[in-house]
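The structure under discussion appears below in the form of structure tokens.
Just so you know, ligand 1 is whichever comes first in the structure, and atom 1 is the first atom listed for that ligand. We're numbering straight along the sequence, starting at 1.
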Amino acid sequence: MISPYPEFEAWSQPPAADELRLIPIGGLGEFGMNALVVHSARSLFLVDCGQLFPSDDQPGIDSIVPDFAYLEPFADQLQAVLLTHGHEDHIGALPYFLRRWPVPVYGTAFTLGLLEGKLKEHGLDTGLLRLVKDYGRVKVGSGEIEAEWIPVTHSIPDACALVLHTPQGVLVHSGDFKLDPEPMDGRTTGMARLQALGDAGVRLLMADSTNVGRPGRSPSEATCYKGIEAALEQTKGRLFVTTFSSNIHRLQMLVDLAYEFHRKVLLLGRSLDRNVALARSLKLLDLPDDILIDTKDASLFPRYELMVLCTGSQGEPMSGLARLLRREVKGLPMQSGDRLVVSARAIPGNEVSISRMLDQAERLGAETSLEGLGPVHASGHGSRDELADLIKAVRPSHMVPVHGTYRNLRAHGALAASLGWTPEHISLLDGGLCLRLFTDGRVELPGTVPVGKCFVHQGVDHMVDARVVKDRLILQEDGVVFATLLVDPLSGDLAADPTILSRGFVMLSDDEAYGDLLSGVARRAYEEAPKVIRKDPEALRDAVRLALRRIIRKTTQARPLVIPMILEAPSA
Ligand SMILES: [Zn+2]
Ligand SMILES: [Zn+2]
């Protein structure tokens, strides 16, 4: 994608004394990879540091994290990371970030608990984690900026909005939120505090735009109760439920209902085991005695006495549910009379794998239809009226929609406009666009700073160059063609006809005539190369590659990866 914005030319210069920069290096114009740089002459820190899950057109990639190029010129000044909540799109890049910048990380208990597990998995030090309580305040780095955590309702415990008290004014970052009037844990969004901040004057509001397209209010978490209750009433066999393992309130509801219906609960999936243990240790999850049973004991209970909670709501191939559907879980077959309930939304891009998973469950005889059940999932993000309520409570001088596709951000800007905010007071940021706030009240958008995506191959736990991903796509589409040229080291002439070998390319391996054609083209490219190029192995390879690519495209329309190898013939 070509950026329609100019470059912020002075980005690598430190901010002026009266300036504060806000730079989303991910999370805008896309879902996932949320990370906001906050930078002034005396402060430099991040709000959230998330990852993006790869899509089908990024083969062999396990995770995508932001490119932190903007931070490099200021590498020795980084002070902290502040976290709003523990979802992967907000904390998932930290193992990679902390390796480069081991700075303190501030967050609430459940957020840090999730992060701690993640860091341990990566063999990283957990000594940098700093616990913050609801309404807690922390002076960041030099102490010039004070951060404050305000509770919000969301689909994970301990989620917070973040307030930054800065010399440029008070900034409010909503984090991911909804305004659930009756959350399972009774911890409602701190609207009174937000209102009080609004009364005193807020310079800027950055707010979650995810569900701006939905009218009215987001249904309360409590509304799922009826749907799941109906599923239990209507299921004679085992009830399988898959949901996000960090959605502790949903898990609490499921377990409570299982208890009511005299069913035991079985957990299937590593992250469920881990998150349930964490939530219990923090007293965020209250399980009746002996309700959990082990997989190996499943066959001891009649089928109508079991509820199985599993990971894999997005069709992930290594999840508990996927293993179950492949019949890899002993003693726990899915069969006729059973029911599978997906108590989660489909993250855009996962629809195909989810549909495949439902198909497989039906093939095994289970019921997957939600018809007649009522809602079994409630979104963790606020709808239009809730977003409007936040704007009206905070009444910022300046409004910046965040978290969502560019269309979401625009719609959120339009919502603010409908509430009376004029265009000068609404800024649409996009990935990498820098917003400058000055103490005298000026707001500027000077252009973009370097941003991008880094690809992670988890097996080796290191970054993969974007070119590797591109090569994999080419290989997948059009295959690869190798051309081997043997050169006589004395005369510099070719010692034999170039040999052509291909894999996954349209040319059939036994199509000799076509092989000869390519061989001839490679020979001509070599022989016609000027002397200077002949002496430069890299330029020579490029010349041969170019000639082959041209003829291949002309004759087949394909664009395979072309790899010329120029070798010295062994002397006779
Ligand atoms: Zn999020
Ligand atoms: Zn979230």
Side-chain angles (χ1 to χ4, degrees), residues 24-36 46-53 63-66 81-94 97 107-115 118 134 149-162 172-180 183-185 187 189 205-214 218 220-221 243-251 271 275 278-279 284 313-314 343-350 377-383 386-387 390 400-409 412 429 431 453:
I25 55 175
L28 266 71
E30 65 202 346
F31 279 110
M33 222 171 76
N34 293 284
L36 174 77
L46 279 190
V47 175
D48 289 339
C49 188
Q51 67 167 321
L52 183 72
F53 288 106
S63 166
I64 301 168
V65 300
V81 180
L82 317 183
L83 299 176
T84 59
H85 65 289
H87 276 148
E88 282 295 332
D89 60 325
H90 296 259
I91 68 166
L94 277 167
F97 179 85
T108 48
F110 192 68
T111 310
L112 292 191
L114 289 175
L115 179 58
K118 188 180 267 300
D134 287 353
W149 276 256
I150 296 183
V152 296
T153 46
H154 187 40
S155 46
I156 190 168
D158 279 355
C160 281
L162 208 61
V172 176
H173 187 299
S174 74
D176 290 1
F177 82 102
K178 69 194 271 189
L179 302 179
D180 192 337
M184 301 285 296
D185 58 356
R187 179 183 175 271
T189 299
L205 168 66
M206 282 173 275
D208 176 10
S209 311
T210 307
N211 280 350
V212 65
R214 298 191 188 175
S218 178
S220 166
E221 176 66 23
T243 188
F244 286 108
S245 61
S246 58
N247 197 336
I248 300 303
H249 302 143
R250 187 72 48 82
L251 296 178
S271 64
N275 293 355
L278 171 65
L284 292 167
S313 66
Q314 303 301 306
S343 179
R345 74 168 178 136
I347 294 178
N350 293 341
H377 171 64
S379 172
H381 299 270
S383 300
E386 291 153 89
L387 303 186
L390 181 68
V400 179
V402 293
H403 207 286
T405 63
Y406 195 74
R407 279 173 300 150
N408 291 145
L409 306 183
H412 201 176
L429 286 187
K453 294 175 176 149

Next item on the list: For the Zn ion (ligand 2), find the closest N/O/S atom belonging to His154 and write down its atom name.
Entry: NE2
Item checked: Reported OG1-to-NE2 distance for the pair Thr153 and His249, which is rounded to 0.5 angstrom -> 10.0 Å
Margin query: Within the 3.5 Å criterion, strictly below it, is a donor on Asp208 or Ser174 matched to an acceptor on the partner's side chain?
Written below: no
Next item on the list: Taking the side chain as every heavy atom from C-beta outward, state whether Arg250 and Met184 have any pair of such atoms under 4.5 Å apart.
Entry: no
Check: Between Lys178 (side chain) and Ser379 (backbone), is there a donor-acceptor pair under 3.5 Å?
Finding: yes
Next item on the list: Could you tell me whether His90 and His403 have their ring centroids closer than 6.0 angstrom?
Entry: yes
Next item on the list: Indicate whether the side chain of Asn211 and that of Ser383 have a donor and an acceptor atom separated by less than 3.5 Å.
Entry: no
Margin query: Just to be careful: counting only protein atoms that are N, O or S, how many fall under 2.8 Å of the Zn ion (ligand 1)?
Written below: 4
